[in-house]
Amino acid sequence: MTYTTQLRSAACIAALVVGGAANADVTAAQVWEDWKAQLNMYGENNVTVGTEEASGDTLVVRDITTTMDDGEVKVVTSLGDLTFTQQGDGSVVVTMAESYPIVMTVEDDVVITVLVSQSDLEMVVTGDENVKNYDISSDQVTIELQDIVDGDITFTGDVKLTANDLAGTYSSEVGDLRELTYDLAMSSLDLIVDIEVPGDAGEYVVASGKIEGMSMQADMSIPLDADFENPDNLFVDGFAAAGGYEIERGNYVFDINADGDQLAGSVSTGTAKLTGEINSQTIVYDTETNDVAINVTSGDFPFPVELALAQYGVGFAMPVGKTEEPADFGLSVDFIDLTINDMIWNMFDPGTVLPRDPATVQLDVSGKAKPLYDMFDPAQADAMASSDMPVELDSLTLNNLRVALAGALVTGSGAFTFDNSDLATFDGMPRPEGDATVEVTGLNKLMDNLVAMGLVPEDQIMGGRMMLGMFARTTGDDQLETTLEVNGEGHVLVNGQRMR
């Protein structure tokens, strides 16, 4: 496990304790009992308490420690004291220590200590017996590295993640499942890294970053008896989560010296968002980032590398639960208007033969399919693994294909349906019916340019042109088109000519 991964794990644990560990009921004692119930979801009896002192409307719980241990990583969080105070309006105010440590030990005895600090943190809880809501606000919440100890080597330095002007709401409803919802926002999120590696090599890592205008939302359903240490039946029992985040912009700079090599540069982005969903029936993921700019210098390159991208995104959706009717699936990839600096172009095109227009790659595929098994059910795993076809494909649509590169353009679209009762026509595959068309513009010019640059021999280009003549038809000046059709009889036709 790398130190970066370890630090990221510590940050996630701290976020759990700060932002999602508490939910509330109408009394201070009930609030504390629910804290314990949620913390114990990550391992039975993993919460230890020094004393519980009740006085009037106030409950003080001292020396709280939580332990999470999966056999590879042990995380001990010393929360210190918590105070739960009932107010005259029926709400409960939760007061935490201004800071507390988290100590993580991995199996090879590497010990990482981080400190969580909270400035002017306020938690005000309202609700009734079944539904609890609370408001959270803090001027700053900081997760800061104290040290990393690996045997007789101690790594120190500044590693700090700070959320500024944090505010949001959190709600909990307990019925057959525990339903959790949160909505948090912060004005900015700051990252600072400044580490010098022990030794005489002068190795270091320096980085900083700032994310502005960040918001996060999530909805979760958690079984009341959920066992996160043995999660095999988690989804079968009803676990579900959906949520994401959005940011307005992000800027990062870095300077790394390791093993004698130096890498420095900057990265900036415009708006970005990520959404996801997972439950017993579906998995959905979608991300989009705009206005990306990357500038990197390295000892391995004699000049800076500059990249810019108007937008990139990846999305997919797939059904994972057995259904009576076909369910939606999809895949999309977007890399729009990629540009690189002339120094990189000149490495392979010093004569400026190729057009240096922005490059784009887009793919959008959707369809319907019917899973024959519940993929998250361990009881069905063996049957699914031995099945020749665990999923029946019902339809497939190519909504968009677009590749623009070096003066050439490829576009395409099409749609097919599939007959799962006919597995003989196409040797065990369901028989398709439909058509797809691909159009290419500027390909001959691109091939001429590749020959002029000396990258491809003339005889190979001639062979390629002959193959294109067999499967494509000319529709205009340096324009080609190919249509693939599969009819109801299982015949395969290319541009109207039967190939099968």
Side-chain angles (χ1 to χ4, degrees), residues 4 8 11-12 15 19 140-143 160-168 182-193 205-218 242-256 263-277 284-298 301 303-317 330-345 355-364 399-405 409:
T4 301
R8 189 160 52 239
C12 292
Q140 285 188 334
V141 176
T142 299
I143 304 171
K160 184 185 298 185
L161 185 67
T162 302
N164 300 298
D165 301 322
L166 178 69
Y182 73 78
D183 189 339
L184 300 174
M186 61 195 75
S187 63
S188 62
L189 185 67
D190 298 330
L191 170 67
I192 295 176
V193 178
V205 177
V206 177
S208 66
K210 189 179 190 69
I211 296 174
E212 299 183 52
M214 186 173 190
S215 61
M216 301 174 290
Q217 305 81 32
Y245 69 81
E246 295 186 12
I247 69 169
E248 294 178 0
R249 66 185 62 86
N251 292 280
Y252 317 88
V253 295
F254 56 90
D255 184 0
I256 302 171
L263 182 70
S266 63
V267 178
S268 65
T269 72
T271 59
K273 64 180 180 180
L274 181 148
T275 58
E277 179 181 1
V284 178
Y285 174 88
D286 189 67
T287 181
E288 177 187 299
T289 303
N290 297 285
D291 302 323
V292 180
I294 303 173
N295 191 318
V296 178
T297 59
S298 171
F301 296 95
F303 48 79
V305 176
E306 298 176 5
L307 305 176
L309 194 62
Q311 183 185 103
Y312 80 83
V314 177
F316 71 84
L331 171 67
S332 64
V333 178
D334 290 292
F335 289 89
I336 301 175
D337 290 345
L338 171 66
T339 60
I340 59 178
N341 55 321
D342 286 338
M343 291 181 179
I344 299 178
W345 272 109
R356 298 185 178 183
D357 302 328
T360 292
V361 176
Q362 290 181 281
L363 175 67
D364 183 4
N399 300 300
N400 182 37
L401 169 65
R402 182 180 178 84
V403 180
L405 179 65
L409 174 65

Measuring from [X]:[atom1] to [Y]:[atom2], what's the distance to the nearest 0.5 Å?
{"X": "Asn290", "Y": "Tyr312", "atom1": "CG", "atom2": "OH", "answer": "10.0 Å"}
{"X": "Phe301", "Y": "Ile344", "atom1": "CZ", "atom2": "CD1", "answer": "8.0 Å"}
{"X": "Ile143", "Y": "Leu161", "atom1": "CD1", "atom2": "CG", "answer": "5.5 Å"}
{"X": "Glu306", "Y": "Asp342", "atom1": "CD", "atom2": "CG", "answer": "9.5 Å"}
{"X": "Thr289", "Y": "Asp334", "atom1": "OG1", "atom2": "CG", "answer": "11.5 Å"}
{"X": "Thr287", "Y": "Tyr245", "atom1": "OG1", "atom2": "OH", "answer": "5.5 Å"}

Which atom names give the shortest non-hydrogen contact between [X] and [Y], and what distance separates them?
{"X": "Ile336", "Y": "Leu309", "result": "O-CD1, 3.4 Å"}
{"X": "Leu409", "Y": "Ala404", "result": "CD1-CB, 4.0 Å"}
{"X": "Pro304", "Y": "Asn341", "result": "O-ND2, 3.0 Å"}
{"X": "Trp345", "Y": "Ile340", "result": "NE1-CG1, 3.3 Å"}
{"X": "Val296", "Y": "Phe254", "result": "CG2-CZ, 4.1 Å"}

Just wondering, do Gln362 and Asp364 contact through their side chains at under 4.5 Å, heavy atoms?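 Result no, sub-4.5 Å side-chain heavy-atom pair not found.
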Using a 3.5 Å cut-off and no angle test, enumerate the donor-acceptor pairs between side-chain atoms of residues 184-193 and protein atoms at least two apart in sequence or in another chain.
unit_1: Ser187; atom_1: OG; unit_2: Asn164; atom_2: O; d: 3.2
unit_1: Ser187; atom_1: OG; unit_2: Asp165; atom_2: OD2; d: 2.9
unit_1: Ser188; atom_1: OG; unit_2: Asn164; atom_2: ND2; d: 2.8
unit_1: Asp190; atom_1: OD1; unit_2: Lys210; atom_2: NZ; d: 2.9
unit_1: Asp190; atom_1: OD2; unit_2: Asn164; atom_2: ND2; d: 2.9

Answer yes or no: is there an ion pair linking Asp291 with Arg249, defined by an N-O contact shorter than 4.0 Å?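 Here Asp291 does not pair with Arg249 in a salt bridge, since their nearest N and O are not under 4.0 Å apart.
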Keeping to residues at least two apart or across chains, list the salt bridge (charged side-chain N to carboxylate O under 4.0 Å, His left out) pairs with something in residues 267-276.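 Passing the test, one end in residues 267-276: no pairs.
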What do the steps show when you test Leu363 against Val361 for side chain to side chain contact (heavy atoms under 4.5 Å, CB included), and what is the final call? CA-CA 7 Å; Leu363 175 67; Val361 176; 5.9 Å; no
Within a radius of less than 6.0 Å around CZ of Phe316, do more than 12 heavy atoms belonging to other residues, nucleotides or ligands occur?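 For Phe316, atom CZ is crowded (more than 12 foreign heavy atoms under 6.0 Å).
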Judged by atom type as modelled, is there a donor-acceptor pair below 3.5 Å linking the side chain of Thr360 to the main-chain atoms of Asp337?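 Yes, because the side chain of Thr360 sits within donor-acceptor range (under 3.5 Å) of the backbone of Asp337.
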